[in-house]
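Quick note on labels: first sequence line is chain A, next is B, and so on, each numbered from 1. All values reported here derive from a predicted model rather than from experimental measurement.
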Amino acid sequence: AQETVKMGVSIPAATHGWTGGLNWHAQQAEKELEERYPTLDVVLVSASDAARQANDLEDLVSIHNIDALVILPFESAPLTDPVRQVKDQGKFVTVVDRGLTDPGIQDLYVAGNNPEMGQVSARYIEEKLGGEGKIVVLRGIPTVIDNQRVDAFMKEIEDSNIEVLGMEYANWNRDDGFRVMQDFLARFPEIDAVWAQDDDIALGVIEAVQQAGREDEMFILGGAGMKDIIRRVMDDDKLVPADVLYPPAMIAEAMEITARHLVEGEPIEKEYILEATLVTPENAEQYYYPDSPF
Amino acid sequence: MADPLLSAEGISRRFGPVQVLFGVDFDVRAGEVHALIGENGAGKSTLMKILAGYLEATEGTLRFAGRPYGAGGAEDLGIVLIHQEFNLAEHLTVEENVFLGRELRRGFLLDRRAMRERAHQVLGELECPVDPAARVRDLSVSERQMVEIAKAASRDLRVLIMDEPTAVLTKSESAVLFRLIRRLKDQGVAVVYISHKLDEVKEISDRVTVLRDGHLIATQSTGDLDQDAMAQLMVGRAISDMYPPKDPPPADAPVVLSVEGVTVPGWVRDASFDLRRGEILGFAGLVGAGRTELMEGILGLRRRTAGTISRDGARVRIRNVGDATAAGIAYLTEDRKGKGLLLGKPLRENLTLLALGRFGRVLIDERAEEAALERAVRDFDIRVRDPGVPAGALSGGNQQKLLLAKTMQVEPSIVIIDEPTRGIDVGTKRQIYLFLHDLARRGIAVVVISSEMAEIIGLAHRVVVMRSGTITGILEGAAIEENEIVRHATGLKGTDRNAVVSA
Amino acid sequence: MQSSAPDTARRPSAGLDLKVYGPFLALAALILLGVLVNPVFLSPGNIINVLTRTAFIGIIAVGMTFVITTGNIDLSVGSMAAFAAGVAIVAMNALAGPLGSGWAVVLAGVAVALAFSLAAGFLNGILVTKGRIEAFIVTLGTMGIFRSLVTYLADGGTLTLDSTIRATYRPVYYGGLFGISYPILLFFAVAAVGALIMYRTPFGRYCAAIGSNEDVARYSAIKVDRVKLLAFVFQGLCVALAVIVYVPRLGSASATTGLLWELEAIAAVIIGGTMLKGGHGRVWGTVAGAVILTLIDNILNLTGAISVYLNGAIQGVIIIVAVLLQRSGASRR
Amino acid sequence: MQSSAPDTARRPSAGLDLKVYGPFLALAALILLGVLVNPVFLSPGNIINVLTRTAFIGIIAVGMTFVITTGNIDLSVGSMAAFAAGVAIVAMNALAGPLGSGWAVVLAGVAVALAFSLAAGFLNGILVTKGRIEAFIVTLGTMGIFRSLVTYLADGGTLTLDSTIRATYRPVYYGGLFGISYPILLFFAVAAVGALIMYRTPFGRYCAAIGSNEDVARYSAIKVDRVKLLAFVFQGLCVALAVIVYVPRLGSASATTGLLWELEAIAAVIIGGTMLKGGHGRVWGTVAGAVILTLIDNILNLTGAISVYLNGAIQGVIIIVAVLLQRSGASRR
Ligand SMILES: Nc1ncnc2c1ncn2[C@@H]1O[C@H](COP(=O)(O)OP(=O)(O)OP(=O)(O)O)[C@@H](O)[C@H]1O
Ligand SMILES: Nc1ncnc2c1ncn2[C@@H]1O[C@H](COP(=O)(O)OP(=O)(O)OP(=O)(O)O)[C@@H](O)[C@H]1O
Ligand SMILES: [Mg+2]
Ligand SMILES: [Mg+2]
């Protein structure tokens with residue numbers, strides 16, 4: 001019989017909607033891959049902060065003695081070194097979404113593109129507003145990801161007449177989205193658009209706007225591709241005319257590719273960049289997964 | 001003879017390895033006051049806690065009106081114990097404490113007015129001026145004791161057990177208490193009364209039971225005993241002359257401590273006195289006179305707004321107990337449980353806490369501590385079978401001894417002792433008097449605050465009398481006698497400060 | 001300790017009075033600040049929003065006041081809320097078939113939320129009293145348990161209430177009487193009842209007595225364990241009530257629902273003048289404390305002035321200053 | 001109060017003994033569990049890993065033991081750590097120019113971390129003692145302050161240590177003596193010193209005295225405020241030491257660094273048998289508590305079996321059971 005191959009998967013714990021989706025897709029992929037490849041053993045661990053994720057990497061190597069690692073780093077910088085250590089022990093390393101500070105480490109990079117996500121969002125808002133208007137921005141949790149998105153966004157609208165009235169952290173969380181938006185609404189008599197950057201936040205924002213009865217005044221752009229939002233886009237809801245994809249499913253894709261490479265020895269290219277697709281009523285159907293929790 | 005309302009047969013109790021009660025029989029009849037006396041650690045409180053259901057007896061049976069009852073039932077039978085150690089919730093108000101566990105209510109809600117009125121009335125009967133809405137933690141020990149009594153008195157009583165109620169009371173308050181006891185007696189309540197003050201026992205009780213080292217020594221009717229007989233039964237030997245002969249220091253003895261115009265806001269106004277080397281200076285006064293507060297002011301434990309303090313003629317700044325200790329002044333608080341001892345900590349840690357610096361600057365020399373503890377147990381005759389127990393496990397009197405030992409650890413040249421013999425048995429009392437006497441002879445200056453007139457008269461070379469915050473007189477020589485002191489304490493005499501009265 | 005701080009000894013009431021009024025002074029000061037920052041602050045809309053938001057934490061904090069008064073603490077309230085909300089949503093979605101999407105199903109959901117929260121509170125209480133474990137540990141444990149149960153329930157994602165049921169339920173958060181939203185009304189109802197229980201019933205006194213000195217309480221024939229247990233159950237009830245007005249707001253629960261609510265609730269209680277060590281409960285103070293916390297947040301959002309990064313710092317400073325203000329007041333007396 | 005509880009008074013030694021040994025029993029039980037789950041558990045590699053990562057929380061928890069023993073609490077340690085780490089990194093990167101990337105610059109960084117943590121601890125201490133504010137509130141406030149200062153410092157992102165300096169600094173985490181990593185050595189050094197201070201020096205006694213009855217402490221010539229202040233400063237020192245071994249590991253600090261460490265540290269202390277009310281400090285117990293907490297994580301990783309969502313639940317259960325085990329032991333006596 002063929003000796004089994006062990007693939008360790010390390011991801012952030014489900015601390016907000018997107019990571020929740022991430023966990024779900026990872027577990028789906030685990031089940032499915034282990035069925036497809038009897039010789040493959042997937043070990044999935046999730047960590048609630050960078051330090052813990054580093055711990056998990058140590059454990060995956062020292063205890064489970066994995067052959068390959070698929071990691072979605074909590075944060076880029078702090079995990080670069082721990083991942084390098086895994087690499088140095090001759091493991092195959094797949095990095096997902098957040099690039100390490102030293103790209104030399106990874107054998108495979110499956111990336112969502114945060115700057116692009118900000119860019120696409122900015123472009124959409126810019127043209128929908130015809131190049132000028134007042135908007136508010138709700139940011140995520142203070143992290144590199146959030147910065148990349150916001151910086152790209154700001155850079156994109158730099159030379160337009162779009163004015164950013166206010167910016168607050170909403171921690172990729174519905175309640176905070178609701179809270180912050182309520183206050184924005186109280187503070188600004190006139191808002192043309194809201195960039196919520198994330199669909200969880202967006203859902204909170206929607207409620208706040210509806211409560212204030214100002215649906216017709218503005219539109220909201222979220223991000224990620226949560227089913228409820230895609231649904232609204234499909235039913236072309238004026239308040240949520242579009243969404244920008246940043247699918248948590250990318251983890252499944254990464255696991256899949258890695259597994260195929262490990263078991264079937266299928267050749268791979270070094271990078272798979274999933275570009276941040278703009279979802280509009282036209283193409284919404286194809287991105288709608290009703291049975292995903294996310 | 002009426003048969004007993006409450007009776008205990010063959011009560012034994014052990015705490016882990018140590019047995020503290022050995023098959024003790026005890027009973028009390030309705031309408032009788034039965035006094036229980038014995039040395040510190042004899043087992044009085046333990047026995048009473050068993051009667052009142054706070055402790056289980058290891059062996060023996062309890063009967064109420066002939067029917068056996070268990071620890072649980074005591075409360076409902078109307079058996080109430082006034083603890084030797086305070087048993088009040090400090091954060092709660094007087095009224096809340098008095099009714100704790102048996103609040104008066106209207107429907108679901110508390111009937112607060114009724115309770116306030118009732119509390120007011122009970123406290124009134126006890127002639128205790130405290131406001132039912134005051135927080136217990138703001139009261140003095142004496143007031144707390146009165147609140148305890150009020151708490152007990154406000155219940156429908158069948159048996160009232162009082163464990164050294166007068167230890168923290170002054171004469172006048174005790175008189176009030178006695179009136180209460182007599183009234184209860186007439187109502188057919190059975191009263192058990194523990195005290196080390198044998199004159200009180202003689203005055204109030206009908207029968208006396210004596211415990212020694214957990215054994216029943218005798219139960220006799222009070223009429224057949226005089227105080228010396230009682231003392232002899234307690235201690236097992238005769239006790240002669242309580243107080244050693246005074247030998248005051250020479251008139252030209254140097255003044256070691258001189259207090260000028262000290263004012264403690266809310267408590268003491270413009271108090272001044274001198275303390276000479278080798279002198280025992282007594283402080284007399286009624287509760288609230290502010291003696292404690294004056295001393296605490298001097299020690300920097302309370303805010304002073306005016307006044308200077310000099311050691312050996314030189315002014316010293318005393319902002320806290322640390323400074324005082326550095327100046328060779330030590331203070332023994334009247335509030336043993338609240339400010340004196342860490343009841344949860346072992347004897348050793350309590351003993352050395354004040355003088356810890358002397359047991360190694362960097363690391364504590366635990367061997368030295370052990371040695372100190374052995375010495376203290378010997379010198380102060382602390383009765384404890386297992387030195388490992390926490391201070392809270394000591395009998396009341398033995399806690400007092402431990403506190404005294406703790407205070408002396410800093411080898412002060414000035415000792416201020418607030419209520420030195422509070423809760424101490426006659427035998428040990430005498431030891432302590434000798435000890436103080438001896439300190440003075442060794443040239444140490446001693447201040448004794450006491451609410452026991454006899455103690456002041458028997459010990460002090462000079463007596464400072466205070467009344468509601470001011471010093472009303474300083475008595476010397478023959479002037480040190482009861483009437484004179486009372487007159488000053490009650491304001492009948494001497495208000496011009498530092499009028500030195502002698503005869 | 002602070003108890004017989006010598007200088008307070010003579011005037012028993014003073015210190016306490018300030019513990020009572022302090023939080024309200026702080027609140028007033030904060031309102032003043034808000035007005036200065038941005039006049040919109042006083043607009044009825046904003047006031048209603050803020051108070052409505054306060055409701056969750058506020059209601060939970062009222063329960064917390066009792067737990068803390070007995071000398072315990074409950075770290076699990078946040079995840080308990082998430083858990084109850086999650087279970088209620090699942091139940092309602094499941095029952096939508098048989099019961100339709102009318103009030104029947106909503107009431108069923110409410111019942112489920114109540115049942116679970118009360119059970120959770122009971123669990124905490126039993127472990128603390130019978131298990132004789134520090135409340136801190138017990139509730140730290142149950143915090144983790146409830147939290148991950150809801151994560152499990154939601155498959156890591158979000159549990160969303162069926163939109164038709166939501167439509168029925170929605171008014172419970174967004175509707176109101178005479179322009180005052182139901183959550184606010186519930187909040188003050190709970191506070192009023194809480195105050196009544198704390199100050200006017202034996203139970204309230206027993207909580208304080210136990211927190212102040214457990215032995216004394218026991219000697220006074222108070223069923224200490226039962227009272228503590230009841231306090232935790234009451235906390236559970238309050239959580240349930242908070243959940244009942246929380247669910248209709250966004251109609252969803254997830255792993256992040258109620259994150260750190262425990263900290264806010266405890267902070268509200270302490271800012272309100274209740275002592276963390278127990279022995280003293282101030283229900284109205286807690287209400288003030290809760291409002292203070294939301295106000296800080298609201299005021300920060302109303303001013304664009306400061307870097308978003310510094311919000312936390314300013315919050316911290318305001319909290320400390322607010323309390324410092326009370327204390328210094330106390331010593332001035 | 002608890003001190004005078006007659007029943008505890010009666011068998012003082014027994015209760016204490018178990019408070020002392022309980023945590024170690026729990027630890028032993030947990031190790032057994034680990035071995036059963038997966039023999040690899042006992043491999044030197046794994047042991048070293050676990051202990052090394054315990055170091056951060058463990059060192060901080062030793063400081064926390066003192067703060068809690070005095071009857072206070074410090075919620076700010078987590079963000080204090082993040083802050084100190086951030087400042088140290090910024091300083092090192094800045095000094096790389098003048099000092100090069102050798103040990104000189106690392107030492108400078110260490111010095112900065114120390115300075116800031118000590119200052120932070122001092123701030124907490126002063127606010128608690130001079131400001132007479134509940135430690136809970138003070139440190140809740142400073143927690144927010146430090147946290148958002150580091151966010152500000154990092155512009156919401158991550159502060160990363162210059163890689164060449166990192167290269168120099170790295171061995172401090174990954175290197176060691178005789179196969180025992182430096183963090184472990186430091187951890188046990190700190191614990192040993194902490195134990196010495198707690199059990200053998202006047203300061204330790206004073207902390208316990210203050211925690212059990214502040215009045216008695218004051219009447220016993222103890223400078224209460226100074227001792228409390230020192231406890232907070234010592235906590236700061238411990239945080240600094242933790243940071244010094246943390247930075248070389250991840251070489252960065254961000255808004256999320258040290259999140260919830262305070263909770264873990266406190267849990268470690270309480271699991272270790274120290275009373276939250278103060279008066280009793282058990283340094284070695286704290287060490288055991290810290291190890292227990294990391295072991296739980298590690299054991300969960302040993303088995304790929306359970307759904308990742310349930311980790312929290314299992315952690316919770318284990319914590320409670322571990323402590324329950326101690327207590328029930330106590331009652332058996
Ligand atoms: N909880 C306890 N654990 C261990 N020993 C105890 C405990 N309580 C009391 N003892 C011991 O029992 C003995 C009797 O104590 P008790 O308090 O009954 O004496 P007492 O007669 O009341 O003395 P006093 O007159 O000083 O109050 C003492 O030796 C005391 O040390
Ligand atoms: N007339 C009064 N006005 C105010 N307080 C009073 C009065 N009478 C009694 N007190 C109470 O008595 C307490 C002072 O009693 P305390 O016993 O400390 O006085 P003292 O002079 O030290 O006498 P002793 O040393 O006998 O206790 C104060 O705390 C106060 O609460
Ligand atoms: Mg006694
Ligand atoms: Mg006095």
Subject >> Residues forming a ring-ring contact (aromatic ring centres under 6.0 Å, His included) with C:F232, sequence neighbours excluded >> reply: none
Subject >> Structural part of D:I320 lying under 4.5 Å from a heavy atom of chain C >> reply: both
Subject >> D:D155: partners by side-chain contact (heavy atoms from CB on, under 4.5 Å), with sequence neighbours left out >> reply: C:Y309
Subject >> Heavy-atom pairs under 4.5 Å with chain D, option from C:L260, C:V317, C:L276, C:I73 with the top count >> reply: C:L276
**OP:** Under 4.5 Å heavy-atom distance to chain C, tell me which part of D:L127 shows up: side chain, backbone, both or neither.
**Re:** side chain
Subject >> Any donor-acceptor pair under 3.5 Å from C:S148 side chain to D:A313 backbone >> reply: yes
Original post:
Which word best sums up how the rings of C:F83 and C:F116 line up, parallel for under 30°, tilted for 30 to 60°, or perpendicular for over 60°?
Top reply: perpendicular
